[in-house]
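Structure, as C-alpha cells:
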2 protein chains.
Amino acid sequence: MGIEERKEREKEHRKEEILDAAQKVFFDKGLPTATMDEIAEAAELSKGTLYLYYKSKEDLYLGVMMRGMQVLFSEYEVLAASLDSPLRKIIKLSELYIDFFASNRNFFRMFHFLQMPQFHKQVSEEMQQYCGVETRRLWDMVIGIMKKGMEAGILRSDLDPTEIGIILWSSSSALMMRGDTEGDRWKERFNIDLSHTLEVSNRLFLNAILTDKGRKEFAAI
Amino acid sequence: MGIEERKEREKEHRKEEILDAAQKVFFDKGLPTATMDEIAEAAELSKGTLYLYYKSKEDLYLGVMMRGMQVLFSEYEVLAASLDSPLRKIIKLSELYIDFFASNRNFFRMFHFLQMPQFHKQVSEEMQQYCGVETRRLWDMVIGIMKKGMEAGILRSDLDPTEIGIILWSSSSALMMRGDTEGDRWKERFNIDLSHTLEVSNRLFLNAILTDKGRKEFAAI
DNA sequence: AGTATTAAATGACTAACAGTCAGTATATAA
DNA sequence: TTATATACTGACTGTTAGTCATTTAATACT
C-alpha cells in the first residue's frame, strides 16, 4: 500500500515547488510588493492552490524564511560537530554568520520579519509555532557552543553562556542589518565601513568575555 | 498681511492634528492593520484630506515615528548640554535610550520600519529624505558625546568614536527589540531576563572601550 | 473494462483597502 | 455682491488577499 506514501511525498514536493516560486518572487520584490498571483504564475498553479498548502501570504513568506534558517542551522551543525577548539568554534560562529549574511542577503533580510510581530497581519498560529521551534534549535546550538567554551575555561565563568550568546548574535545582527541598508550612507557621511565596525565590535566583545587563558589563546591565532 | 502666515500656521496645525489621530490608530493597531479610513475618522476629516497633507499611509506612519525620534533627540540634547562628566554622559546615553524604550515602547517599535526598506512600498522620496536628515542629527549628537569622551582621555584613542557610537547603539537596540518581542519566551525557556542581559552587554562593552583612567572613574561611580 | 468515490486543482468572485478626483463649501479679494 | 482661491469631501477606481462552488484527475470497487 505505497500509494498513501507516494501521495504524501508528492504533497511535500508540491509544497517545496510553491516555496521555490515564492522564494523567487519574494527575493525579487519583497513581501509587500510581491503578489500571490505572481507567485501562482511562477509556480504554474492557480492562486487557489497556493492556499491549499499555505494559509496566507505571510505564512508563505515565513516558509521561505525558514529555508534560510535551515541553511544557517546546518552550517552551525557542521561547526558544532567539528574538531575545532572551543575558542575557534566561537570565532567561527561569528564568521559563519557574517558569511551567511554576505552570501544569503535575501534570507538574512527575511529573518527580521519574524521578529516584528507588529508587522504580522495574517501569520498563522501553526507557522509561528513552527518558526519558534526551529529558532529554538538554532539558539540551543549557539548556547551549546558557548557552554563548551566555558567548560574549557576560555570563557569567563561569571557570565551566563546564554546571555553571551544572545549578546554576540544580536550585536552582529544589528550591525549587519545597518550595513545592509545604510552601509553606503555611513561610508560617505562618516567614512565608516560598517563591516569593519562589525569586526571591531566582535573583537572588543570577545576580549571582554574571554578568560586570561582564552585571551592568550586568541592572541596566538 | 498676516493672513498668509496664519494660514501657514493653520496648515501646520492640521498636519499635527492628523498625526495625533494617526498616532492613536497606529499605536493601537500597527501599520498593516490600521486603515486610512480609521485615521480619517479619528481625525474627524475625510480620507481625501489626509492625502492633501501626507502622500501615503507609510509616509504618515513615518511622520508619527519621527515624533518619537524628536522626543529622544531632545532628551539627548539636554544631556549633551548638561554639566555631567564625559563618562557620565556616555553612561546616561545608554540609560536614556533604555528609559525611552521603557516609556515609549510604541515609538521604539516604529523606529524599525525606517531601517527595513524591503517593507517600504509607498514611502515618498521627501519623507525618506526628511527621516535621513533628522536621523543624522541624532547620530551627530551621539558621536559628539563619544568624541568628548575621547578628548577627555576616558575612551581608548585607538578606537573610532563613530564606530563606538554605532556599536553601542546597535547592540542596545537589538537587545531591547528582542526583549520587547520575545522577552517572556526567553524568561521561560532559558530563564534569562533580557533587560539584565542588556545591562551586562553595556557594562562589558563600556569596560572594553574605556581607558585605564576611564575604568577607574567608572569603578568609582 | 466501466462506475463510484475521493482528492487535487481551478479561477471567477468577494471584501477590504489605498489612493484619486470631480465637485462642494468656505474663506478672502475685488 | 460677485469673483477667485483654498480647503475639504466622499463616491469612485484599481488592486489584491483570500474563498468556494465547480471541474478535473486519480484511485477503488464491482
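Below, chain A is the first sequence line, B the second, and so on; all start at residue 1. Note that these values count all heavy atoms, side chains included, but never hydrogens, waters or copies made by symmetry.
- With sequence neighbours excluded, the residues that form a salt bridge (charged side-chain N to carboxylate O under 4.0 Å, His left out) with Glu10(B) are Arg6(B).
- Partners of Asp140(A) under the salt bridge (charged side-chain N to carboxylate O under 4.0 Å, His left out) rule, at least two apart in sequence or in another chain, are Arg136(A).
- Non-hydrogen atoms lying under 4.0 Å from DNA chain C are contributed by Lys11(A), Arg14(A), all within residues 9-18 of chain A.
- Every residue meeting the side-chain contact (heavy atoms from CB on, under 4.5 Å) condition with Leu138(B), not counting sequence neighbours, appears here in chain and number order: Met69(B), Leu72(B), Phe73(B), Tyr76(B), Trp169(B).
- Residues that satisfy the side-chain contact (heavy atoms from CB on, under 4.5 Å) test with Gln118(A), not counting sequence neighbours, are Met116(A), Arg109(B).
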Residues 34-45 of chain B, side-chain donor-acceptor partners within the protein, below 3.5 Å, at least two apart:
residue	atom	partner	partner atom	Å
Thr35(B)	OG1	Glu38(B)	N	3.1
Thr35(B)	OG1	Glu38(B)	OE1	3.3
Glu38(B)	OE1	Thr35(B)	N	2.9
Glu38(B)	OE2	Lys29(B)	NZ	2.6

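- The salt bridge (charged side-chain N to carboxylate O under 4.0 Å, His left out) search around Arg137(A) returns Glu134(A), not counting sequence neighbours.
- Partners of Arg178(A) according to the salt bridge (charged side-chain N to carboxylate O under 4.0 Å, His left out) rule, which considers only residues two or more places apart in sequence or in another chain, are Glu182(A).
- A heavy atom closer than 4.0 Å to some atom of DNA chain D occurs in Leu45(B), Ser46(B), Gly48(B), Thr49(B), Leu52(B), Tyr53(B), these being the qualifying members of residues 35-63 of chain B.
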